[in-house]
Amino acid sequence: MAEYDPQAIEAKWQKSWEAQGAFHADVDPARPEYYVLEMLPYPSGTLHMGHMRNYTIGDAVARYKRMRGLNVLHPIGWDAFGLPAENAAIQHGTHPRVWTNNNIAEMKRVCRRFGFSYDWRREISTCEPEYYRWNQWFFLRMLERDLAYRKRSRLNWCPQCQTVLANEQVVDGCCWRHEDTPVEAKEIEQWFLRITRYADALLEDIAQLEGGWPERVLVMQRNWIGKSGGARVRFPVAGSGDGAAVEVFTTRIDTIYGVTALIFAPEHPLVAKLVAGVKGQAAIETQLTRLRQKILRPAELGTAEKEGIFIGRFAVNPFSGEQVPIWVGNFVLMEYGTGAVMSVPAHDQRDFEFAQKYHLEKPIVVQPAAGAPLSAATLHEAYTEFGRVVDSGPYSGLPSEQAIERMTADAQAKGFGEARTIYRLKDWGISRQRYWGTPIPVLYCERCGLVPVPDEQLPVLLPLEVKLTGMGQSPLASVPEFVNATCAKCGGMARRETDTMDTFVDSSWYFYRYTDPHNSRAPFDREPVRYWFPIDQYIGGIEHAILHLIYSRFFCKVMRDLGLVDHSEPVLRLFSQGMVLKGGAAMSKSRGNVVGAIEMADRYGCDTARLYSLFAAPPEKDLEWSEQGIEGCSRFLHRFFRIVNRHAERLRGVTVGNPGPADLASATPKEKRLMRKAHQTLRRVTRDFESRWHFNTSVALVMELVNELQAQEPLEPDASPAVVKEVFELLTLMLAPMAPHLAEELWEMLGHPSGLQTAAWPAYQPQLAEEEHVEVVIQINGRLRGKILVEAGLSEEELVERARADPRIAQLTAGRRVVKTIVVLNKLVNIVVG
RNA sequence: GCGAGGAUGGCGGAAUGGGCAGACGCAUCGGCCUUAAAAGCCGAAGGGGUGAAAGCCCCGUGAGGGUUCGACUCCCUCUCCUCGCACCA
């Protein structure tokens with residue numbers, strides 16, 4: 001072959017790998033395993049270089065680990081259920097299944113074109129009954145354990161579409177399809193998974209992930225779980241005979257003597273009861289109605305005006321006995337805490353502002369531990385720090401921490417409060433009024449009520465004949481053959497649940513299925529999971545930092561408690577790769593800045609596209625795609641091919657021994673230079689793969705070595721064929737994880753008939769990397785003043801002597817007093833003069 | 001406001017158990033090859049000063065200070081950027 005022809009080479013080796021089953025991995029207890037996985041892709045149809053970068057990183061690691069002798073599991077599959085398929089179906093009249101399968105076919109083609117080393121026997125697609133039946137199975141197990149339950153709850157509703165929207169479809173408080181139509185809250189009965197039961201476990205086990213996961217992901221998860229410790233306190237309503245009380249949650253019970261109001265969320269059920277019979281009831285109710293329309297949506301929190309109204313009732317502060325007015329405020333969240341708060345203007349900034357607006361008092365009950373005491377008259381913002389409690393009856397004088405402890409204990413002893421921990425994390429609403437998802441396997445029987453579908457009736461098949469309008473009720477509700485069913489208990493008439501599951505359920509456990517993808521008796525067997533799990537390296541975008549990555553942690557813990565797995569965390573190490581940008585923005589069809597994967601493979605070859613993905617930036621950083629940049633990588637691979645090609649013929653029969661220090665002693669200067677440089681490169685590239693994952697520097701190092709080879713041309717006659725071949729082989733092996741097709745080709749050209757699949761990552765030999773001579777920098781007062789080339793390993797004294805002997809240094813130091821001399825062996829001499 | 005990360009040539013980025021700042025690549029310029037171009041190959045190049053040139057000197061890693069013989073690297077203060085969280089009681 002005369003020139004590097006990526007298209008031909010890539011097709012040739014892909015065929016060969018396929019025929020060999022080169023990337024098939026099976027359980028083998030005798031061998032150590034390595035499970036590397038890229039996040040389950042959604043088959044949207046197009047694959048651009050943003051996707052390919054992700055897979056290239058995973059593939060480089062998979063191939064490297066294989067060369068290190070590990071049994072590597074590297075699977076792929078498709079997150080095949082979901083809304084885009086349904087929308088495409090409505091728009092184009094294609095069935096979601098057809099649309100999805102076409103996309104999968106196309107994406108497979110691209111993945112194969114890039115030669116990713118997947119074990120295709122393990123491919124899964126979540127929209128197939130063989131897969132989603134296990135979603136249903138898990139759901140039933142959760143139902144048995146009260147981890148799945150039904151509840152009315154507020155959802156996002158678009159009045160134009162006449163349908164419920166997922167949170168992801170709400171953009172700035174409006175429907176994604178009707179940007180001027182604010183989403184309304186609508187109460188709907190739906191299914192939840194009780195992830196909050198695992199809130200503490202999810203939080204505590206983050207400690208296990210420390211070091212293996214990016215810190216920012218852990219921070220996001222901690223925030224999301226939002227644990228907060230405090231107390232619940234009941235304020236009895238004044239003049240109510242029935243023992244009614246306003247219950248609040250507070251993290252600062254130490255400020256309770258400073259309470260000036262209790263404020264309810266507008267939709268709190270107690271409000272109507274309390275308003276009944278008060279003076280001016282009609283006027284208050286009118287105001288309440290108005291206020292309820294101003295319940296703040298998440299997008300408005302923080303910016304919108306806070307409003308409140310006094311409802312004409314008082315409650316009694318159980319600590320001080322004082323009467324406290326009861327208000328309703330549009331900023332109090334029904335979903336958090338108890339749906340009511342105690343307002344302490346002096347020690348909470350929000351309460352402070354509320355008190356300003358409505359002219360409430362701001363009694364100070366905590367003073368700073370040091371410094372000038374605060375006075376209510378001059379307070380211009382809330383004092384929210386801990387300090388010393390004052391004007392608080394028997395607690396006066398205590399530090400906040402102690403006051404919190406004692407007041408909580410006393411509240412408990414006297415029966416009007418107790419310590420409480422609450423979480424921001426809410427249960428996971430999984431019902432979707434959509435077609436293209438897993439049917440929720442329950443029946444509603446007139447006689448028996450809610451009846452789970454028995455295991456032996458799984459899967460509850462998603463009917464393929466269905467009319468999709470994108471409007472109103474769940475599409476499945478309009479399929480009588482689906483809806484009408486027989487009660488599994490009494491045999492009578494029953495209605496099937498017509499909602500489908502959130503697709504995040506599918507992706508919460510898929511990586512277990514890869515270990516046993518064709519199991520028809522269970523989601524997976526214990527043995528393969530025990531061998532392969534936990535995942536050694538998971539790779540994906542930061543956008544899943546909380547959703548997918550918290551759901552799958554939750555699933556893992558449920559599976560552990562079901563006795564299915566014996567670990568608590570599914571993923572040991574998480575890597576979050578940067579985006580690929582074009583023109584400073586993420587690639588998207590609508591922006592028209594997509595760099596197609598196939599297009600790049602056709603123009604340059606996939607090895608070049610891969611190499612550039614690894615070279616242009618460290619993998620965790622965003623990468624700006626540059627046409628000239630990828631050309632540079634193309635030039636490099638061509639150059640490397642040519643140089644090997646020039647010598648391959650002659651080298652084919654040459655045997656490379658296992659060169660050692662002895663060989664170096666008898667080597668020519670050119671040979672020494674090449675061997676040293678090659679082993680120095682190997683040392684650093686190995687380090688990059690083992691720890692830092694800075695593939696950009698690995699590529700740079702390989703380029704440097706090729707430049708060195710080129711600089712040494714002609715290689716003959718001063719370098720023996722064995723040495724040249726050794727260097728070529730090292731280069732080829734180092735390049736193999738990054739540009740695998742070219743590496744295979746060169747490996748073959750160098751006379752290896754068995755292919756790279758059986759080749760091992762070369763062992764770095766420190767002796768071969770050692771330099772005989774080193775350049776030592778000479779500084780005077782820390783400033784560079786000269787360089788000398790000396791034998792490696794000179795002592796401090798010798799180095800100083802050589803440095804002072806340098807004519808220029810001698811001249812510069814002549815007549816000056818040497819205060820001291822600092823020596824870094826093999827590197828530097830710094831002469832400090834007075 | 002809280003939290004995490006970041007700021008290095010014209011550009012992407014190298015170099016941190018403190019020790020030659022700018023590896024590698026892109027773009028640029030010059031040369032070789034060619035009738036010419038492309039490709040390829042060789043070479044130059046942070047900014048400024050001085051010099052015919054080799055060279056030499058000064059400045060330089062967001063800003064200011066500190067520690068040190070020596071700071072992109074460590075410490076303090078500040079500015080800006082990116083991301084996440086945020087009436088969370």
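Bear in mind the structure is a predicted one, so any value in this text is a computation, not a measurement. Labels below follow one simple rule: chain letters A, B, ... track the order of the sequence lines, proteins then strands, and each chain is numbered from 1.
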query = Within the structure, does a side-chain N or O atom of A:Asn696 lie under 4.0 Å from either OP1 or OP2 of B:A14?
reply = yes
message = Can you confirm whether or not the ring centre of A:Phe575 sits under 6.0 Å from the ring centre of A:Trp213?
response = no
ask   = When you compare B:A14 with B:U61, how far apart are their C1' atoms, in angstrom units rounded to a whole number?
value = 12 Å
ask   = Counting side-chain heavy atoms from C-beta on, which of B:C26, B:G19, B:C24 comes nearest to A:Gln628?
value = B:C26
task = Decide, yes or no, whether a salt bridge links A:Arg222 with A:Glu210 under the criterion of side-chain N to carboxylate O below 4.0 Å.
result = yes
Phosphate OP1/OP2 of B:C26 contacted by A:Arg635 side-chain N/O (<4.0 Å) = yes
request  = Name the nucleic acid region contacted by A:Lys787, choosing base, sugar-phosphate or nothing; use a 4.0 angstrom heavy-atom cut-off, strictly under.
outcome  = base
inquiry  = Looking only at the side chains, is there a donor atom on one of A:Ser634 and A:Glu631 sitting less than 3.5 Å from an acceptor on the other?
reply    = no
task = Check every atom of B:C59, B:A14, B:A4 against the side chain of A:Arg783 and return the nucleotide holding the closest atom.
result = B:C59
inquiry  = Roughly how many Å apart are B:G9 and B:C2, using the C1' atom of each and rounding to a whole number?
reply    = 36 Å
Between B:A38 and B:C33 - C1' atom distance, rounded Å = 12 Å
message = Just to be sure I understand the rule, does A:Arg684 reach a base, reach only the sugar-phosphate, or reach nothing, if contact means heavy atoms closer than 4.0 Å?
response = nothing
request  = Could you tell me whether the side chain of A:Glu631 has a donor or acceptor atom within less than 3.5 Å of a complementary atom in the base of B:C26?
outcome  = no
ask   = Touch check for A:Ser626, heavy atoms < 4.0 angstrom, all strands: base, sugar-phosphate only, or nothing?
value = nothing
task = For the side chain of A:Arg642, starting at C-beta, report the closest nucleotide among B:C20, B:G19, B:C41.
result = B:C41
message = Any side-chain N or O of A:Arg424 below 4.0 angstrom from OP1/OP2 of B:A86?
response = yes
query = How far does the P atom of B:G40 sit from the matching atom of B:A7, given to the nearest Å?
reply = 33 Å
OP1 or OP2 of B:G13 under 4.0 Å from side-chain N/O of A:Lys621 = yes
query = Counting only side-chain N and O atoms of A:Asn826, is one of them less than 4.0 Å from OP1 or OP2 of B:G19?
reply = no
ask   = Salt-bridged, A:Lys670 to A:Glu713, with N to O below 4.0 Å?
value = no
A:Thr251 side-chain proximity, nearest of B:C20, B:C69, B:A89 = B:A89
ask   = Quick one: which of B:C88, B:A4, B:G84 gets closest to the side chain of A:Met220?
value = B:G84
request  = Determine the contact category for A:Arg692: base if any of its heavy atoms lies under 4.0 Å from a base atom, sugar-phosphate if only primed atoms, P, OP1 or OP2 are that close, otherwise nothing.
outcome  = sugar-phosphate
query = How does RNA chain B look in dot-bracket notation if pairs are Watson-Crick or G-U with both distances under 3.5 Å, crossing ones as [ ], other-strand ones as |?
reply = (((((((..(((......[....))).(((((.......))))).(((((....)))))..(((((..]....))))))))))))....
task = Go through B:A86, B:U16, B:C20 for me and flag the one nearest to the A:Val777 side chain.
result = B:C20
message = Taking 4.0 Å as the cut-off, does a side-chain nitrogen or oxygen of A:Thr697 come that near to OP1 or OP2 on B:A23?
response = no
ask   = Mind checking the P distance from B:G62 to B:C57? Whole angstroms is fine.
value = 26 Å
key: Same-atom distance (C1') from B:A53 to B:A44, integer angstrom   = 16 Å
key: Over 12 foreign heavy atoms within 6.0 Å of CZ, A:Arg603   = yes
message = What contact category does A:Pro618 fall into here, base, sugar-phosphate, or nothing, at under 4.0 angstrom with non-hydrogen atoms?
response = sugar-phosphate
request  = Would you mind classifying the nucleic acid contact of A:Arg808 as base, sugar-phosphate or nothing, using non-hydrogen atoms under 4.0 angstrom?
outcome  = sugar-phosphate
inquiry  = Under 4.0 Å, heavy atoms only, any strand: does A:Gly632 hit a base, just the sugar-phosphate, or nothing?
reply    = sugar-phosphate
ask   = Side-chain N or O of A:Arg785 less than 4.0 angstrom from OP1 or OP2 on B:C56?
value = no
task = With heavy atoms under 4.0 Å as the rule, sort A:Arg222 into base, sugar-phosphate or nothing.
result = nothing
query = Is there a donor and acceptor pair, one atom on the side chain of A:Gln779 and one on the base of B:G19, closer than 3.5 Å?
reply = yes
inquiry  = Can you identify which nucleotide, out of B:C85, B:C24, B:G13, has its nearest atom closest to the A:Ala617 side chain?
reply    = B:G13
request  = For A:Gln710, answer base if it contacts any base atom (sugar-phosphate contacts may also be present), sugar-phosphate if it contacts only those atoms, and nothing otherwise; contact means non-hydrogen atoms under 4.0 Å.
outcome  = sugar-phosphate
ask   = Which nucleotide in the list B:C83, B:A27, B:G25 gets nearest to the side chain of A:Arg639?
value = B:G25
message = Any residue in residues 337-352 of chain A with a heavy atom nearer than 4.0 angstrom to RNA chain B? Just list them by number, or reply none.
response = A:Val341, A:Arg350
